[in-house]
2 protein chains.
Amino acid sequence: MSERAWNNNINCQNCSISQLCLPYTLDNLSLDKLDDIIERKRPYRKGEQLFQAGQPLKALYAVRSGSFKSFTVSNDGDAQITAFHLPGDLIGFDSIHSPTYTSFAESLETSMVCEIPFQSLEKLSDQLPLLRRQVMRLMSSEISADKQMLSLLNNKNAEQRLATFLLDFSERFKSRGLSSKEFRLSMTRAEVGNFLGLTVETVSRLLSKLHKSGVIQVDGKFILLQQIDALQQLAGVQLRSCLTP
Amino acid sequence: MSERAWNNNINCQNCSISQLCLPYTLDNLSLDKLDDIIERKRPYRKGEQLFQAGQPLKALYAVRSGSFKSFTVSNDGDAQITAFHLPGDLIGFDSIHSPTYTSFAESLETSMVCEIPFQSLEKLSDQLPLLRRQVMRLMSSEISADKQMLSLLNNKNAEQRLATFLLDFSERFKSRGLSSKEFRLSMTRAEVGNFLGLTVETVSRLLSKLHKSGVIQVDGKFILLQQIDALQQLAGVQLRSCLTP
DNA sequence: CGTCGAGTTGAAACTCATCAAAGTTCGTGG
DNA sequence: CCACGAACTTTGATGAGTTTCAACTCGACG
């Protein structure tokens, strides 16, 4: 199938998730220019990699559909998942300080991406202050999210971590116009555990426990949040009013 | 004392740590422009805050001397230190996606900073591609460092975390032209523990253990790394050659 | 001189990892 | 389309590592 076929009717101007992505706040002229530098590739099958650590930094990627994981591999060989990416998310910000990628990105299911050649993006950013600011906003958001993650790992126990994880995905699906109560987790239990600093067994046990207690319903990769408020309690969320006397 | 007094002979052009900071790669003209927007304030005393979460985002800060901690406060009220900042480090990247600061920054000892008004920096970045790229490089480095931190917390035990922490500071002091073997940690044991996801007691016990084993010498806040290679072993560092056959 | 915060050390408790084993789903080739 | 093997998931028993609780020391400071 020709490359052209994938491009039909796909552009930033009509993209349903552009408000989460680079186009946000761009005027029409800027949008056209951005659209011009973006390459839309064939779908990636589950397990295919966008890039590997050490390869020359060629492009950033925006998820169009499906999902990806980013991960690093430490000197001693074990992998650490550093993020899960949903449509609208940008992949590669952790590498742009380096001539080569500093992490791996791999598809978790059949997925499509927009490839944004890094050189072109830099040049275009020189011309379009709005684009530049959106890039910085997105990078700053990623830093913020990472700090939150540090706090999660340092201060919360296994159950709180998993509850927070589920609520995070709930929010992210919601902001993409999908159900916040019912969704499919494209990653394995092992990947959830790796991300949260827990073992597969602990993740599995806790999902079973939450299921039995009626807070959520679990059917393989499908999750149904039945009592979101209870889940928020478990996640360690407390009302501000409890603290300010 | 007049504000002017602090400014004497302090500028980006002659700053000893400019290669770690924003000026890196800037030409002389750009450097002058950057220097123009920077405000240099009186020293901050230990415990004074640069900003608090919720305050309007006014400026980024570059550490000139001394040290700071950044921290967030979760809904349930406990603080999480997200970074320690040494001279040359920039503070505030986690907030520029927001109209207000998303974290706190507090001096750990008598310290000086360069205040970089955010509006001015944005305007100047529009004119100076080199500056813009350095900002992005620094933000990307911070993302990278945060990902490494995730990996540390998820995969390493208490001893490996502390060893890694000490080696990290060793490297950072070294790149600032200071001794990599002998330095003073300006934060308390509790702050080290908070950052590493450990309790004060664990940090104290491990420092004692490392001291007794002769790997390091501890005298209050002063640390002397006696066997850096042994410390690297404890940190879990292995040679690449062990993995690539 | 007494108090207060920081640091150290010990003993007990608890959470989660580890090891083991069985059950289930997925994907691929016949 | 089905069957087979591999990958993934679940559940149980045990133990290691870290937290928690408690007591004590030390130095700073009014």
Side-chain angles (χ1 to χ4, degrees), chain A residues 44-48 69 78-81 106-110 152-166 184-213 216-223 234-236, chain B residues 45-47 69 78-81 106 108-110 151-166 184-213 216-223 234-236:
Chain A
Y44 283 77
R45 282 189 302 274
K46 178 175 176 175
E48 281 192 281
K69 64 175 174 182
D78 37 41
Q80 173 61 48
I81 295 174
E106 183 177 318
S107 176
L108 295 170
E109 60 194 310
T110 302
L152 179 79
L153 297 177
N154 272 354
N155 298 312
K156 307 229 173 183
N157 64 24
E159 190 172 59
Q160 293 171 319
R161 289 184 205 181
L162 188 64
T164 305
F165 178 81
L166 293 174
R184 178 177 169 277
L185 293 176
S186 58
M187 71 292 294
T188 67
R189 304 281 191 267
E191 287 168 331
V192 173
N194 180 293
F195 181 63
L196 294 175
L198 304 171
T199 57
V200 200
E201 294 93 328
T202 300
V203 172
S204 180
R205 264 187 264 275
L206 287 173
L207 284 175
S208 299
K209 184 180 165 193
L210 291 175
H211 183 104
K212 275 170 199 150
S213 71
I216 67 175
Q217 223 172 289
V218 183
D219 178 19
K221 295 199 184 303
F222 288 93
I223 306 286
L234 290 175
Chain B
R45 280 188 303 275
K46 178 176 176 174
K69 63 174 174 182
D78 38 41
Q80 172 61 49
I81 296 173
E106 183 178 319
L108 293 171
E109 60 193 309
T110 302
S151 183
L152 180 78
L153 297 177
N154 271 353
N155 299 312
K156 307 230 174 180
N157 65 23
E159 189 171 63
Q160 291 172 319
R161 290 185 204 181
L162 188 64
T164 305
F165 178 82
L166 293 174
R184 179 180 167 276
L185 293 176
S186 57
M187 72 293 294
T188 66
R189 303 282 193 266
E191 288 167 332
V192 173
N194 179 293
F195 181 63
L196 294 177
L198 304 170
T199 57
V200 199
E201 294 94 327
T202 301
V203 173
S204 180
R205 264 186 263 272
L206 288 172
L207 284 175
S208 298
K209 184 180 165 193
L210 290 176
H211 182 104
K212 274 169 199 150
S213 70
I216 67 175
Q217 221 171 291
V218 183
D219 179 17
K221 296 199 182 303
F222 288 92
I223 305 287
L234 290 175

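FYI, side chains are in, hydrogens and waters are out, and symmetry mates aren't considered; it's all heavy atoms of this structure. Treat the numbers as computed from the prediction; the structure is a model and nothing was measured. Lettering of chains follows the sequences in order, A, B, ..., and the numbering in each one begins at 1.
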So, under a plain 3.5 Å distance rule, would you say the side chain of [X] forms a donor-acceptor pair with the base of [N]?
X         : N       : answer
Arg205(B) : dG10(C) : yes
Glu159(A) : dC16(C) : no
Glu201(B) : dC21(D) : yes

Grab the two heavy atoms, one from [X] and one from [Y], that are nearest each other, plus how far apart they are.
X         : Y         : result
Ala79(A)  : Asn194(A) : O-ND2, 2.9 Å
Ala158(A) : Leu198(A) : CB-CD2, 3.7 Å
Leu234(B) : Gln160(B) : O-CG, 3.1 Å

Which one of Arg184(B), Arg45(B), Lys221(B) satisfies the salt bridge (charged side-chain N to carboxylate O under 4.0 Å, His left out) criterion with Glu109(B)?
Arg184(B)
Taking atom [atom2] of [N] as reference, at what distance in whole Å does atom [atom1] of [X] sit?
X         : N       : atom1 : atom2 : result
Asn154(B) : dA17(C) : CG    : C1'   : 13 Å
Lys156(A) : dT18(D) : NZ    : P     : 22 Å
Leu207(B) : dG7(C)  : CG    : P     : 10 Å
Leu198(B) : dG17(D) : CG    : P     : 14 Å
Met187(B) : dA6(C)  : CE    : C1'   : 15 Å
Asn155(A) : dT20(D) : CG    : P     : 10 Å
Leu206(A) : dT11(D) : CG    : P     : 12 Å
Leu185(B) : dG7(C)  : CG    : C1'   : 14 Å

For a quick test of reading the model: is some side-chain N or O of Lys46(A) closer than 4.0 Å to OP1 or OP2 of dG27(C)?
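Yes, because at least one side-chain N or O of Lys46(A) sits under 4.0 Å from OP1 or OP2 of dG27(C).
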dT19(D), OP1 or OP2 - any side-chain N/O from Thr202(B) closer than 4.0 Å?
yes
Lys46(A) vs Glu106(A), test: salt bridge (charged side-chain N to carboxylate O under 4.0 Å, His left out). Steps then yes/no.
CA-CA 8 Å; Lys46(A) 178 175 176 175; Glu106(A) 183 177 318; over 6 Å; no
For [X], report the nucleic acid contact type (base, sugar-phosphate, nothing); a contact means any heavy atom under 4.0 Å.
X         : value
Gly197(A) : sugar-phosphate
Thr188(B) : sugar-phosphate
Ser208(B) : sugar-phosphate
Lys221(A) : sugar-phosphate

Toward the 5' end of DNA chain C, by each residue's nearest nucleotide, Ala158(A) or Ala190(B):
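Going by which nucleotide is closer to the 5' end, it is Ala190(B).
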